[in-house]
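See below for the structure under consideration.
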Amino acid sequence: MTADASRPRRPRALLVLGLSGLAVFVAFAFAVAANVEQPFTQPFDDAWRAFVGLAPGTGGESWALPMFFQYLGELPGAVLTILLIPIWLFVVRRWRSALFFLAAEFGGTLLVSQLVKNLVDRPRPADDVAANLFGPLFQVDHGSFPSGHSVSAGILLVGVAALLPVAKRRWWWLVGGLIAVGMVWQRTLINAHWFSDAVVGVIGGASATLVLWWAFATLLQRDYGKPLFRRTTPAPLDARPASPYEGASV
């Protein structure tokens, strides 16, 4: 094998997928900003809210599964993604992976979520009692697009996958995909966001993280040989240093 063949490379597919997803995200942001009250997705968004959204007082928003997604995008989720995961990566000496994960979390949250939310400022669903439609069931800030919770789910989906060797990614794509779908469901269940805000939010968070994965790819590849969990295994018997008395006659 030549030196060039063994040298770490940045997979071009990550950049292409990431930039394509960001193009969709930006195009949708411009489309919504052009008519924040009635963007082109509004008829479907209205139909989805009528189908999925809960009315106040039902209690359907407060059982374990929707609350899991609620907390994942709030302080408990931030503690996990901004503190616990990066700290653990430093502990197991995967500092390159920790820097990538922090860059994805802060970059996605500040640029993809908060910056665009303030620039577009799409109104959130509001009460329409005559139509049996209701607004957010939890306290929220201004701006519906993009869903910050959904952006975080997209970052988590791709960010964790980037930490894993190829052979161990398949199970996470399934788990992470379910988290992303569940987040879209929960944000629309509680009327916090329009359906399109949540779906495109996942796309934006995942796409930005794909671009960062491409940028960090050669560094991450150096970490793949290091275990994510420390474990000490005894050396094989034949690999242990021989005793100075072994084989000696008495």
Side-chain angles (χ1 to χ4, degrees), residues 21-56 61 66-78 81-82 103-129 131 133-159 179-209 211-212:
L22 285 177
V24 171
F25 178 82
V26 171
F28 185 79
F30 273 104
V32 172
N35 186 0
V36 293
E37 297 292 342
Q38 290 290 325
F40 72 96
T41 57
Q42 197 63 53
F44 183 83
D45 289 337
D46 288 334
W48 183 265
R49 178 167 65 139
F51 177 65
V52 173
L54 291 176
E61 76 280 8
M67 291 309 298
F68 166 78
F69 292 107
Q70 181 70 24
Y71 289 140
L72 187 61
E74 295 181 344
L75 182 60
T81 56
I82 297 177
E105 287 293 331
F106 282 106
T109 300
L110 296 177
L111 298 179
V112 178
S113 179
Q114 292 303 315
L115 177 62
V116 176
K117 187 187 291 283
N118 281 278
L119 290 175
V120 175
D121 202 19
R122 182 184 185 184
R124 291 180 185 265
D127 287 338
D128 185 351
V129 179
L133 298 174
F134 302 93
L137 302 182
F138 290 99
Q139 185 175 0
V140 293
D141 60 7
H142 72 92
S144 184
F145 175 78
S147 162
H149 279 64
S150 297
V151 169
S152 296
I155 295 170
L156 187 67
L157 168 64
V158 176
I179 290 174
V181 170
M183 188 64 82
V184 171
W185 163 75
Q186 193 269 349
R187 301 318 288 163
T188 54
L189 179 79
I190 66 169
N191 308 311
H193 295 277
W194 305 105
F195 177 80
S196 57
D197 300 332
V199 171
V200 181
V202 171
I203 293 172
S207 299
T209 311
V211 173
L212 281 171

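What you are looking at is a predicted structure, and each value in this text was computed from that prediction instead of being measured.
- Counting only residues at least two apart or in different chains, salt bridge (Lys or Arg N to Asp or Glu O under 4.0 Å) contacts with residues 111-120 are absent.
- Among residues at least two apart or in separate chains, there is no salt bridge (Lys or Arg N to Asp or Glu O under 4.0 Å) pair with a member in residues 26-35.
- Applying the side chain to side chain donor-acceptor pair (under 3.5 Å) criterion to T209, with sequence neighbours excluded, gives no partner residue.
- Looking at heavy atoms from C-beta onward, N191 lies in side-chain contact with L137 at the 4.5 angstrom threshold.
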### Verdict with supporting geometry, L157 and I179, side-chain contact (heavy atoms from CB on, under 4.5 Å)
CA-CA 8 Å; L157 168 64; I179 290 174; over 6 Å; no
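- Listed by first and then second residue, the salt bridge (Lys or Arg N to Asp or Glu O under 4.0 Å) pairs involving residues 137-151 are R124-D141 (not counting sequence neighbours).
- Of all non-hydrogen atoms in S113 and P146, the two that sit nearest each other are O-CD, 3.8 Å.
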Less than 3.5 Å apart, which donor and acceptor atoms pair up between the side chains of residues 67-74 and the rest of the protein, not counting sequence neighbours?
| from | atom 1 | to | atom 2 | distance (Å) |
| --- | --- | --- | --- | --- |
| Q70 | OE1 | Q186 | NE2 | 2.9 |
| Q70 | OE1 | R187 | NH1 | 2.8 |
| Q70 | NE2 | E74 | OE2 | 2.5 |

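- Rounding to the nearest 0.5 Å places CZ of F195 at 10.0 Å from OG of S150.
- Residues H149 and S152 have side chains not in contact (no heavy-atom distance under 4.5 Å, counting atoms from C-beta outward).
- Legend: side-chain hydrogen bond (donor to acceptor under 3.5 Å, both in side chains) pairs involving residues 27-40, not counting sequence neighbours: none detected.
- Of all heavy-atom pairs between A104 and L212, the closest is CA-CD1, 3.5 Å.
- Considering all non-hydrogen atoms of both residues, A208 and V112 come closest at CB-CG2, 3.8 Å.
- Using a 4.5 Å heavy-atom cutoff, the side chains of V202 and V184 are in contact.
- Although no hydrogens or angles enter the test, the distance criterion places no donor-acceptor pair under 3.5 Å between the side chain of H193 and the main chain of A198.
- Pairs passing the salt bridge (Lys or Arg N to Asp or Glu O under 4.0 Å) check and including a residue from residues 189-203, sequence neighbours excluded, read R122-D197.
- The closest side-chain heavy-atom distance from T41 to F28 is below 4.5 Å.
- Distance check, rounded to the nearest 0.5 Å: CG of L54 to CD1 of I190 gives 9.0 Å.
- Checked against ring-ring contact (aromatic ring centres under 6.0 Å, His included), F25 has the following partners two or more places apart in sequence or in another chain: F145.
- Rounded to the nearest 0.5 angstrom, W194 CH2 and T188 OG1 are separated by 11.5 Å.
- To the nearest 0.5 Å, atoms CD (E105) and OG1 (T81) are separated by 3.5 Å.
- The nearest pair of heavy atoms linking D127 to G135 is OD1-N, 2.7 Å.
- Centroid-to-centroid, the aromatic rings of F44 and F51 stay 6.0 Å apart or farther.
- Scanning both residues, A29 and V120, for their nearest heavy atoms gives O-CG2, 3.9 Å.
- By the ring-ring contact (aromatic ring centres under 6.0 Å, His included) test, F134 is found to be paired with no residue, residues two or more places apart in sequence or in another chain being considered.
- Applying the side chain to side chain donor-acceptor pair (under 3.5 Å) criterion to T109, with sequence neighbours excluded, gives no partner residue.
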### Full working for side-chain contact (heavy atoms from CB on, under 4.5 Å) between L22 and V211
CA-CA 9 Å; L22 285 177; V211 173; 4.0 Å; yes
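- For F106, there are no ring-ring contact (aromatic ring centres under 6.0 Å, His included) partners, not counting sequence neighbours.
- Here N118 pairs with H142 under the side chain to side chain donor-acceptor pair (under 3.5 Å) rule; sequence neighbours left out.
- Taking each heavy atom of S144 and P123 in turn, the nearest pair found is CB-O, 3.6 Å.
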